Amino acid sequence: MSDWLGPTEWEALALSTKVALWSVSVSLGPAIAIAWVLARHDFPGRGLLNALVHLPLVMPPVVTGYLLLIALGTQGPVGGFLSDSFGITFAFQWTGAVVAAAVMGFPLMVRAIRLSIEAVDPRLEEAARTLGANGVLVFATVTLPQILPGLIAGAVLSFAKGLGEFGATITFVSNIPGETRTLSIAIHSLLQTPQGDAAAIRLTLVAIALSVAALLVSEVMARRAGNRIRGMAS
Amino acid sequence: MSAQLDIDIEKRLGAQMALQVRFQAGAGVTALFGRSGAGKTSVVQMIAGLMRPDRGRIAVGERVLFDSAQGIDLPVHRRRVGYVFQDARLFPHLSVRRNLLYAQTVARRRGQLKLAPVCDLLGITDLLDRPPGALSGGETQRVAIGRALLSDPSILLMDEPLASLDGPRKGEILPFLDRLKDETGLPIVYVSHAMEEVIRLADTMVLIDEGRVAAQGPVEEVTSRLDLRPLTGRYEAGAVVPARIAAHDEVYELTRLDIAGGGALMVPRIHQPLGTALRVRLRARDVTLSLTRPEGASPLNILEGTVRERAAPEGAFVDVLVDAGVPIWARVTRLSADTLDLQPGKPIFAIVKAGAIDRASLGRAR
């Protein structure tokens with residue numbers, strides 16, 4: 001297998017996986033928070049927040065990437081501040097690819113989690129409160145276990161999205177081998193080179209395998225979690 | 001006896017209904033009785049803090065849970081109420097054991113009660129390692145009661161805990177509730193619209209009708225009141241009489257009950273020790289009246305008294321309230337009532353069918 005893929009192809013594969021995993025990890029917390037707010041609270045501006053979260057899903061990815069570049073580039077308002085104050089830069093860094101993947105996967109994640117929060121029986125949460133659990137404990141011990149299948153589904157969707165992200169990533173952080181050349185960008189680059197077809201096909205097969213594997217893993221995990229919350233023996 | 005629960009609250013529930021409830025409850029079981037939609041559940045939800053009154057005060061013992069005047073509104077998790085929901089609400093992702101220990105492990109609430117004796121009391125020791133999905137309805141409700149008990153509550157709120165169960169399952173739980181009341185000493189608020197449960201379990205009764213307290217007092221008193229008949233139910237018409245087991249007759253398998261007011265009843269053998277205090281429910285249709293002591297009839301179960309009141313006639317029948325030391329209802333035909341000239345003050349003999357008293361009509365008094 002290691003001979004089958006060349007070193008640059010391995011590099012692209014490893015980078016993509018790293019970027020996708022990081023993007024899932026950093027967006028999980030905010031996604032739960034926003035899904036919670038959207039599912040449980042009614043406030044002025046709720047529709048706006050919902051639209052904002054879903055924007056990356058409906059906008060052309062290149063537009064999202066361009067907006068990220070404007071906002072988070074070293075000359076941008078947010079990016080300039082982060083760079084000057086903390087020395088954090090995203091432009092042309094793999095961390096920028098993480099941001100692009102996280103933003104693109106965010107609506108998918110929020111959607112899945114929000115649906116599962118809406119399906120949680122609030123009567124169980126009431127019961128936990130009467131037993132002495134405060135809000136945080138109720139969430140951690142009753143809500144969270146109940147939404148686990150949705151959480152897994154959301155995380156896998158976002159992971160898959162991050163693995164394959166192309167438009168926003170290449171616009172935001174360009175195509176730097178070893179730094180921002182992820183799987184999709186590598187395939188695209190290979191197709192531009194004269195003898196790249198074979199390698200492109202190999203990477204395509206890898207991409208398919210990874211996607212199918214992610215789907216299978218999420219199915220199994222979601223089913224286990226589902227059985228558990230229905231009170232069956234797992 | 002000092003009041004364990006002191007409640008005086010107002011709450012608007014939609015356009016049609018305003019809840020205005022005020023009562024005090026001592027130790028033992030206080031039944032909130034009334035039709036569906038009368039506002040009973042809202043009252044317990046407000047005690048638990050799951051619903052907020054518009055105005056008023058709720059205190060359990062010395063602890064004020066809610067006081068709109070003083071701006072006190074303890075959050076649910078700090079109220080120390082053991083709430084047994086009609087639908088049990090066990091956590092499906094936790095085993096029975098972890099459900100029972102939820103309050104102790106998650107909320108770090110530890111009271112006097114320990115897991116083992118509570119499981120003994122409720123007969124759920126064998127279920128500990130099962131998931132809640134594998135329990136029967138009766139088992140589920142017993143586990144829910146155990147879970148509430150183990151949360152170190154200062155009061156137990158039971159919202160129709162038997163309503164979702166069929167007859168045999170109810171019978172399975174009632175003895176546990178009897179023991180609960182005897183052994184824990186917690187004040188219990190028991191919401192129900194089933195008179196048999198109230199008579200079996202409750203000491204005090206608060207009758208709720210359209211969001212208001214229509215009557216409150218000892219169960220015996222409230223159930224015997226004529227003006228409350230439309231609320232306590234026509235088919236359930238009857239009186240509840242305090243009694244004590246005076247003797248057992250092993251040969252004929254009978255038990256003699258001395259009832260308050262001086263009379264005695266012979267009923268089928270009750271397997272309880274001598275001296276046990278009981279409440280006996282005498283349905284009006286199981287009691288007939290006679291002007292003279294019946295001759296030739298079995299001398300058992302004849303109570304002497306005077307006519308106190310006549311209810312409004314219903315078809316061919318009329319119910320008559322007799323003062324036999326304790327109030328007793330008798331159902332006679334209107335014809336008999338007129339023939340016997342049953343006017344208030346008239347001396348009368350009330351004849352109670354021995355077969356009328358069965359397990360379902362007995363409750364344990366405190």
Side-chain angles (χ1 to χ4, degrees), chain A residues 28 32 35-36 39-43 112-155 218-234, chain B residues 41 44-45 47-51 65 74-96 98-111 129-135 140 143-144 146-159:
Chain A
L28 203 54
I32 293 173
W36 177 270
R40 291 289 173 89
H41 296 275
D42 209 359
F43 55 95
I113 298 172
R114 178 185 169 176
L115 283 175
S116 63
I117 290 176
E118 282 169 353
V120 169
D121 189 345
R123 295 175 307 169
L124 293 177
E125 296 170 332
E126 280 188 348
R129 282 158 67 204
T130 66
L131 292 168
N134 62 25
V136 174
L137 287 174
V138 171
F139 181 80
T141 58
V142 178
T143 319
L144 204 57
Q146 298 279 316
I147 64 171
L148 210 54
L151 225 53
I152 293 167
S218 81
E219 279 292 316
V220 171
M221 284 169 74
R223 187 171 309 150
R224 281 208 189 146
N227 281 342
R228 218 159 67 91
I229 61 170
R230 277 191 298 277
M232 317 288 205
S234 51
Chain B
T41 295
V44 285
Q45 287 202 321
I47 298 172
L50 296 172
M51 188 188 276
L65 305 183
L74 278 191
V76 179
H77 66 273
R78 288 177 44 207
R79 290 200 176 197
R80 286 182 54 217
V81 292
Y83 199 139
V84 180
F85 298 91
Q86 183 175 342
D87 48 355
R89 305 194 190 179
L90 297 185
F91 304 125
H93 57 292
L94 301 178
S95 67
V96 166
R98 291 181 60 197
N99 264 281
L100 288 167
L101 292 175
Y102 183 87
Q104 301 194 1
T105 53
V106 173
R108 311 221 162 271
R109 270 202 201 169
R110 288 199 173 82
D129 295 317
R130 294 217 207 141
L135 303 181
T140 301
V143 173
R147 186 177 68 170
L149 279 177
L150 286 166
S151 69
D152 187 26
S154 57
I155 186 170
L156 206 55
L157 307 173
M158 307 185 91
D159 186 4

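Chain letters run A, B, ... following the sequence lines, proteins first, then strands; residues in each count from 1. These numbers come from a predicted model, not from an experiment.
Counting only heavy atoms from C-beta outward, the side chains of A/Thr130 and B/Pro153 never approach each other to under 4.5 Å. You'll find the side chain of A/Glu126 stays beyond 4.5 Å of the side chain of B/Val76, heavy atoms only.
For A/Ala140, no part lies near chain B; criterion is any non-hydrogen pair under 4.5 Å. Of the atoms belonging to B/Leu90, it is backbone heavy atoms, and not side-chain ones, that fall under 4.5 Å from chain A. Residue B/Asp152 does not touch chain A at all, counting heavy-atom pairs closer than 4.5 Å. Both the backbone and the side chain of B/Arg147 have a heavy atom closer than 4.5 Å to some heavy atom of chain A. Residue contact with chain A, scored on non-hydrogen atoms closer than 4.5 Å, is absent for B/Arg78.
Rounded to the nearest 0.5 angstrom, A/Leu131 CG and B/Leu101 CG are separated by 11.5 Å.
Contact detail for A/Pro145 and B/His93: the closest heavy-atom pair is CB-CD2, 3.4 Å. A/Gly132 and B/Ala107 get closest at one heavy-atom pair: O-CB, 3.2 Å. Taking both residues in full, the closest heavy atoms of A/Gln146 and B/Pro92 are given as NE2-CG, 3.5 Å, listed atom of the first, atom of the second, then distance.
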* To do: Carefully, step by step, assess A/Arg129 and B/Leu50 under the rule side-chain contact (heavy atoms from CB on, under 4.5 Å).
  => CA-CA 9 Å; A/Arg129 282 158 67 204; B/Leu50 296 172; 4.3 Å; yes
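Heavy-atom contacts from other residues, nucleotides or ligands closer than 6.0 Å to CD of A/Glu118 number more than 12.
Applying the ring pair (Phe, Tyr, Trp, His ring centres under 6.0 Å) test to residues at least two apart or on different chains, none of the pairs has a partner in residues 115-136 of chain A.
Listed options B/Tyr102, B/Tyr83, B/Phe85 were ranked by heavy-atom pairs under 4.5 angstrom with chain A; first place goes to B/Tyr102.
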